[in-house]
Amino acid sequence: MLYFNSDYMEGMHPEILKRLSGINMDKNTGYGGDAICESAKEKIRQACACPEAEIYFLAGGTQANAVVIKSMLAPYEGVVSADTGHINAHEAGAVEAAGHKVLALPEHDGKLDAGEVENYLKRFYEDESHTHMVKPGMVYISHPTEYGTLYTRKELEALKDVCTRYRMPLYLDGARLGYGLAAKGTDVTLPLIAQVCDVFYIGGTKVGAMFGEAVVFTRHLTEGFFTVMKQCGAVLAKGWFLGVSFDQLFSDGLYTKCGANAIETAERLKAGLREKGYSFYVDSPTNQQFIILENEKMNELKKNVSFNFWQALDDDHTVVRLATSWATKMEEVEKLLAFF
């Protein structure tokens, strides 16, 4: 059986495992206050070209989203998101459970349009009864999006301009950020993200780490954040386990290498499927590929390949997702293509 369900099916990059084995019996202070976490934070600041950044390590993406949003919004505020955004569609109401409504707007290949966000905010404040409504207090985006698509520099800067005018923070979910940064032709870099976003996170779980996400605050909006983490059960006692992964990922370009492998294997997969005449639901430049299959072919494929159902397209066709990762081997892609 070939497994292309997701990008977090393997444990961790061997270099991280080797590092963990080497320090296993060392004694470290708890809760992320150790030298390893501090080293990882400094490497991330350098990679972001943001020496003033404040960085916190959390265990997973839903946890990071829920804690960041809870910490930054007033009780009467909600968060603007694309209707396909992860916080709106696939986090079981984690944001709402903390008392904050997700204010969903239409998506465009998974992305928010800055003009539509501005129109929404304008209409909100023009409504004479807006004090009876949930106030938009933050804009949430993900890069890559749920469809593997990417924002451009121009699009990010436009969203930042809107947020600045309305005095709202821009928050970027970077669960798969490493794959977005490695995509061919992108003009978005880590320093650019640090420039335009008030807060974002660098995903480790899906990009080679054992687990963990690095939340990066670039605008000193972190008063009480650690305490909110603690209230939410998001402070890991053995915090150095998170620190080790990121300290290693940001040494010798490992994070970049992890991203590049997923993109190279995804590009080969995409080219091979196109050669065989298959169509794609969306043109994704990253490691997630969404293929339209006849249902008969999909059921046949299930005998040898594990993948994700995405959505029924019509009575006879289904969209499925195939995902490569930092660990995908090119020979696995060739074996996969042989089943199509």
inquiry  = Check this for me: Y31, atom OH, are more than 12 non-hydrogen atoms of other residues, nucleotides or ligands nearer than 6.0 Å?
reply    = no
inquiry  = Can you confirm whether more than 12 heavy atoms, excluding those of E223, are under 6.0 Å from its CD atom?
reply    = no
Polar contact flag, side-chain donor to acceptor under 3.5 angstrom, [X]-[Y]:
X: D173; Y: Y140; result: yes
X: Y171; Y: D198; result: no
X: T324; Y: N287; result: no

Parallel, tilted or perpendicular for [X] and [Y], by the 30°/60° rule?
X: F250; Y: Y255; answer: parallel
X: H86; Y: H90; answer: tilted
X: F225; Y: F217; answer: perpendicular
X: Y147; Y: W310; answer: perpendicular

Taking only Lys NZ, Arg NE, NH1 and NH2, and the carboxylate oxygens of Asp or Glu, determine whether [X] and [Y] approach each other closer than 4.0 Å.
X: E334; Y: R268; answer: yes
X: E15; Y: R19; answer: no
X: E300; Y: K297; answer: yes

message = With a 6.0 Å cut-off on the ring centroids, do Y56 and F226 count as close?
response = no
Within 45° cone and under 6.0 Å: R274 NZ/CZ vs F280 ring = yes
ask   = Taking the six-membered ring of Y151 as reference, does the NZ or CZ atom of K111 fall below 6.0 Å from its centre and within a 45° cone about the axis?
value = yes
remark   = The reported gap from NZ in K329 to NZ in K335 (rounded to nearest 0.5 angstrom) is 9.5 Å
note = Contacts satisfying salt bridge (Lys or Arg N to Asp or Glu O under 4.0 Å) that involve residues 117-132 (not counting sequence neighbours) are E118-R165, K122-E126
